[in-house]
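To keep things clear, I will list the structure first and then write my remarks on it.
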Amino acid sequence: MTLTEQDLGGQLPKPSELGIASMESSDGKEDTMLQSLAGGDPFGPVEPPKKPTGRLVMHSMAMFGREFCYAVEAAFVTPVLLSVGLPRSLYSLVWLISPILGFVLQPVVGSASDHCTSSWGKRRPYILALGIMMLVGMALYLNGDTVVSALIADRGTQKTWAIVITMLGVVLFDFAADFIDGPIKAYLFDVCSHQDKEKGLHYHALLTGLGGALGYLTGAIDWGHTVLGKYLGSEFQVMFFYAALVFLICLTVHLCSIPEASLATVSVESKHLLKTAKPYQYGSIGTVKNGYFKNGYDEIRTLSQQGKPSEKRDAQVQRQMTIKTLLKALLSMPSHYRCLCMSHLMGWTAFLSNMLFFTDFMGQIVFDGDPYAPHNSTAYLTYERGVEMGCWGMCINAISSSLYSYLQKALLPYIGLKGLYFIGYLLFGLGTGFIGLFPQIYSTLALCSLFGVMSSTLYTVPFHLIAEYHREEENQSEASEGGRGKGIDCAALTCMVQLAQIIVGVGLGFLVSAAGSVVVVVISASAIALFGCCFVAFFVRYVEESNK
């Protein structure tokens, strides 16, 4: 049977009716696809609807909870390791296992989330699994000694198992806490428009700073002598109670913040639309002179013709995604992605070099204490006061990071991403340099605010650039080759954090031993940051400039 123009005109809705029907549809994902087909270009990128500010804040709560737990670890993991009797020779092993595993496996997790077909979405299953791993790791390193003491009577066996469980907890927590950042960022990129991505990243940095500040302040309280401390047994158990409660609430709010569509759902809906288009693909449809068919349903026919090879190609990429092909995808990424990863590596190397040794620097250099003196001596007590003052400096860093992340929104229209990136590295390099040259108490605490500028920059600007790169590729209709997606690009970027931890863990210990002073740490951090300042100015690509 041949369809006439009159028959078709009576059966098919008008283009405007398609737009109205799609706006009134209850299924948001189908709306997006129909609106794209009703528009001029069915293959153009579809901008997600604008998200309310409350939803973006809810999405950022995961960063608040993660940073709160990080602050608890920074405040208590060293006392815990010392209390269980961990030999000094194993310290480097504890801090190196997690970043090595993260550097090797994080791109695998990022790529797997790109191809996840769970009905719950691509990213949230991985975020939930990693969040549970964080809680398990925190439970092991804060409560492992107590549990082992209750289960094992022999003192020698107790010590061995306490060391093993505590080390396992630290490694598991660091592993999961480092991994979870990539899926969280990719989740934000998947469900938000470009403007909402910028707002979301700023809220991420804002709540990251607030979470760290609250975590450090909570850790500074002597919970052992409170009612809760006496009831739970020790301040370690109290901190686990607070950290687990805060993280569970934040993770739940985050997972319920913004719905995401799974690949399987999108694939089924795409097939449904393609099948719907087939009854109209008769020879007589091409003879209709009305531009309605040429501009509307001809595009559906084109989409149906191209849909099958696209599905096969996606399935083939997903089946062939092995570690070998994954490494190939990482190595073959465009040069501007590699330059961004290099700048991120330099930034985190400088930042971690300073932060991991900062409390020790305050105790030994600023307060002139001695960590190796007898514990009842004046030199050791002076060192402890320096360490406590260093914790307050870290709290200042977290607060300034939160405030600067909000200030970035006001500065961005005037100086752009390049200016924000350059200023973050420059101020940190100058600040650490002055601290190393003039180690005074008040000036050091004041300059700690510049650490927050650097941490806020590292948490926002590189991911802004990733979003800009992806937006440019979508606008140019460039297909991602080699199985690369938003997940693997975010994972490649966060891999630089693990690589920086490896470099700092292996190199700075030898550097301090050779120099005989912790001052060399802050001077090295300053030099790396200032070199990175030049790198981000001349080698990192900025989309806003290249489009001018």
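Values in this document were obtained by computation on a predicted structure and should not be read as measured data.
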Strictly distance-based, threshold 3.5 Å: is any side-chain N or O of [X] a donor or acceptor partner for the main-chain N or O of [Y]?
{"X": "Ser400", "Y": "Asn397", "result": "yes"}
{"X": "Thr382", "Y": "Gly369", "result": "no"}
{"X": "Asp196", "Y": "Lys51", "result": "yes"}
{"X": "Tyr141", "Y": "Phe173", "result": "no"}
{"X": "Gln237", "Y": "Leu142", "result": "yes"}

Parallel, tilted or perpendicular: which fits the ring planes of Tyr337 and His470, with parallel below 30° and perpendicular above 60°? tilted
Summary of side chain to side chain donor-acceptor pair (under 3.5 Å) pairs that have at least one residue in residues 447-466, sequence neighbours excluded: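 Listed once each, the pairs are Ser401-Ser455, Gln408-Thr460.
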Might you work through the side chain to side chain contact (heavy atoms under 4.5 Å, CB included) test for Trp348 and Val504, ending with a clear yes or no? CA-CA 10 Å; Trp348 273 105; Val504 170; over 6 Å; no
Got a second to check how far [X]'s [atom1] is from [Y]'s [atom2], nearest 0.5 Å?
{"X": "Thr432", "Y": "Ile523", "atom1": "OG1", "atom2": "CD1", "answer": "7.5 Å"}
{"X": "Ile528", "Y": "Leu345", "atom1": "CD1", "atom2": "CG", "answer": "9.0 Å"}
{"X": "Leu427", "Y": "Leu447", "atom1": "CG", "atom2": "CG", "answer": "10.5 Å"}
{"X": "Trp161", "Y": "Leu168", "atom1": "CH2", "atom2": "CG", "answer": "10.0 Å"}
{"X": "Met346", "Y": "Met496", "atom1": "CE", "atom2": "CE", "answer": "11.5 Å"}
{"X": "Leu445", "Y": "Met389", "atom1": "CG", "atom2": "CE", "answer": "6.0 Å"}

Under 6.0 Å between the ring centres of His59 and Tyr187?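 Distance test on ring centres: under 6.0 Å, yes.
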Considering all heavy atoms of both residues, which atom of [X] and which atom of [Y] are nearest to each other, and what is their separation?
{"X": "Ala243", "Y": "Met138", "answer": "CB-SD, 3.6 Å"}
{"X": "Ser60", "Y": "Gly200", "answer": "OG-O, 3.8 Å"}
{"X": "Lys197", "Y": "Ala467", "answer": "CD-CB, 4.1 Å"}
{"X": "Ala529", "Y": "Ala350", "answer": "N-CB, 3.9 Å"}
{"X": "Leu210", "Y": "Phe64", "answer": "C-CE1, 3.7 Å"}
{"X": "Ser353", "Y": "Ala525", "answer": "CB-CB, 4.1 Å"}

Go through Leu56 and Cys192 one step at a time and tell me if the side chain to side chain contact (heavy atoms under 4.5 Å, CB included) criterion holds. CA-CA 9 Å; Leu56 296 177; Cys192 290; 3.8 Å; yes
Check against side chain to side chain contact (heavy atoms under 4.5 Å, CB included), Leu228 and Tyr242: CA-CA 11 Å; Leu228 190 59; Tyr242 279 121; 3.6 Å; yes
With a 4.5 Å limit on heavy-atom distance, are the side chains of [X] and [Y] in contact?
{"X": "Val191", "Y": "Arg123", "value": "no"}
{"X": "Met454", "Y": "Leu450", "value": "no"}
{"X": "Phe361", "Y": "Val522", "value": "yes"}
{"X": "Thr208", "Y": "Arg66", "value": "no"}
{"X": "Phe463", "Y": "Leu188", "value": "no"}

Exercise: do Ser343 and Tyr421 side chains pair donor with acceptor under 3.5 Å: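 The answer is yes; a qualifying pair exists.
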So does Lys409 have more than 12 non-hydrogen atoms from other groups sitting under 6.0 Å from NZ? yes
Have a look at Phe451 and tell me which of Phe358, Tyr404, Phe351 forms a ring-ring contact (aromatic ring centres under 6.0 Å, His included) with it. Phe358
